[in-house]
Number of protein chains: 2
Amino acid sequence: MEVEITTEEKILIAARKVFIEKGWDGARMQEIADNAGINKALLHYYFRNKEQLFKRVLAGIVGKLIPNLNTIIQSEQPIFEKIQAFIDAYLDFLLANQELPLFVANELSRNANLIVGAFEENGLKPMVGQMVMEIFQAIENKQIRPINPAHLLMSIVSMCVFPFMGRSIFQKVLMQVPEEMYQELLKQRKKEIYEMVYHSIVL
Amino acid sequence: MEVEITTEEKILIAARKVFIEKGWDGARMQEIADNAGINKALLHYYFRNKEQLFKRVLAGIVGKLIPNLNTIIQSEQPIFEKIQAFIDAYLDFLLANQELPLFVANELSRNANLIVGAFEENGLKPMVGQMVMEIFQAIENKQIRPINPAHLLMSIVSMCVFPFMGRSIFQKVLMQVPEEMYQELLKQRKKEIYEMVYHSIVL
DNA sequence: AAAAGGTTTAACCATTTGGTTAAATATGAT
DNA sequence: ATCATATTTAACCAAATGGTTAAACCTTTT
């Protein structure tokens, strides 16, 4: 069977890899061309310049990041199930896109307008609002102990994302464990995070 | 009173600022020179090249990062007090060096050998070992509920660091709050993190 | 088969950037 | 004052880098 792959796709795949690996500043058009197995001039034929290419890569990334989580947030489930589903979906995504968080945080902090633009074009609503409300209600209903919802969410997201974003810090400085062992830890986190959150809010 | 500030110090201050702000790839020797108010050639007079200058900046950063935490870890206190002291000291440091985590994670993931070298020269022992042992003992002594120590530590560090390292993600994408409000959240975290951890491990 | 249009390439170009050089200027010792 | 040494600067340089151009090469249409 024929697996058609256009030059444009080859370029985007190569660009995604190089941009994520090296960041905007470190990425070289020549390296992207080499990775795509084409001439450098062809990059500029398909994408006018580095910025256009970067924007296209961003759009692809952001497009996958968002919908996943939003569906969960909007679903109707009891608070504990919902939190568990959130952690579950978030970690699945992170395990499949391990280098993404550091890349996004990085570019976002240097190049904010570009990235925020990409998010807005992809229609990311501040999905936090609804979650905050639900946590408030769960507190009033005596389902969970009183806790600042913003901080609870912050903590959950932190526990999910940081092991990926700060992976180099954990792996190379703090824990000094080999790659496979770290991957093993990452896989266990789904369960560990949920248990931590559960015990910290259950009455 | 005379505040003596040598050219070398001026350079290091400027370099630290530019490197942290822009990263290795984004930092320009010219910009560092401008920030220091000197000629570009003078940079190379004091520091042979970009790499030497970067290493010196790193040494300064790592030198302050470590000792702070190690003293706490090595202190003898009951487990809950120790965890609280750890969070306390960590957040004080982070509040005073907000841009550092992203910078370190970033350079560490691209340029590992350079940074790990800087850590090793500054004698960072994998301080985690001792903490893991103590958590194990606390579990055996029925002081806290059974929990994987590595994950507990990972979670604590995550909750402390991520709001700084992923600040742009929280602030600009997820929560969309103004600067002062985010700073306010950060100041509250000390208390919030400890309470979260406390409730999640207390029997 | 020849014209036409899109696709790909090699060779260039202008600018930026890290780094050097040689001369000028302070600074300190004799 | 004068000599020597350390500090600072302006002018350069070579390599790297994003981008352009004009020609070559397909593929499809007529």
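Sequence lines set the chain letters: A, B, ... in the order given, protein chains first and strands last, and positions in each chain run from 1. The model shown is predicted, which means the values in this text are computed figures rather than measured ones.
- Note: CD (E9(A)) to P (dT7(C)) measures 14 Å, nearest angstrom.
- Atom CG of D34(B) and atom C1' of dT9(D) are 14 Å apart (whole Å).
- Picking from dT8(C), dT21(D), dT17(D) the nucleotide with the shortest atom distance to the side chain of Y46(A) gives dT8(C).
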Audit row: K82(B), E76(B), salt bridge (charged side-chain N to carboxylate O under 4.0 Å, His left out) steps and yes/no:
CA-CA 8 Å; K82(B) 195 158 185 171; E76(B) 302 217 5; over 6 Å; no
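- Applying the 4.0 Å criterion to OP1 and OP2 of dT21(D), one finds that Y45(A) has every side-chain N and O outside that range.
- For I38(B), the side-chain atoms get nearest to dT9(D) when compared with the rest of dT9(C), dT9(D), dG18(C).
- Closest to the side chain of N39(B), from the set dG18(D), dT9(D), dG19(C), is dT9(D).
- Checking dT20(C), dT8(C), dA10(C) against every side-chain atom of T7(A), the shortest atom distance belongs to dT8(C).
- Contact annotation for A27(A): backbone-only contact, meaning every heavy-atom pair under 4.0 Å involves sugar-phosphate atoms and none involves a base.
- Whole-Å rounding puts the K40(B) NZ to dT8(D) P distance at 17 Å.
- When each of dT20(D), dT9(D), dG18(C) is scored by its nearest atom to the side-chain atoms of H44(B), the top-ranked nucleotide is dG18(C).
- Across the protein-nucleic acid pair, F47(A) atom CZ and dG18(D) atom P stand 16 Å apart, rounded to whole Å.
- Taking atom CG of residue L43(A) and atom P of nucleotide dT20(D), one finds them 12 Å apart after rounding to whole Å.
- With respect to the salt-bridge test (charged N to carboxylate O, under 4.0 angstrom), the residues D92(A) and K190(A) qualify.
- Under 4.0 angstrom from either OP1 or OP2 of dG18(C) there lies at least one side-chain N or O belonging to R28(B).
- Note: Y194(A) and Y198(A) have tilted aromatic rings, judged against thresholds of 30 and 60 degrees for the angle between ring planes.
- For a distance-only test at 3.5 Å, the side chain of K50(A) fails to qualify as a donor-acceptor partner of the base of dG19(D).
- The distance between atom NZ of K22(A) and atom C1' of dT17(D), rounded to the nearest whole Å, is 14 Å.
- Atoms CZ (F19(B)) and C1' (dG18(C)) sit 11 Å apart, rounded to a whole Å.
- Between the P atom of dT17(D) and the CG atom of D25(A) lies a distance of 12 Å, rounded to the nearest Å.
- Aromatic ring pairs are classed by plane angle as parallel below 30°, tilted from 30° to 60° and perpendicular above 60°; the pair W24(B) and F19(B) is parallel.
- Proximity note for M29(A) (side chain, C-beta onward) versus dT9(D), dG19(C), dG19(D): the nearest is dG19(D).
- The side chain of L42(A) lies closest to dT9(C), out of dT8(D), dT9(C), dG18(D).
- Remark: of the listed residues E180(A), E179(A), K187(A), E179(A) is the sole one forming a side chain to side chain donor-acceptor pair (under 3.5 Å) with Q183(A).
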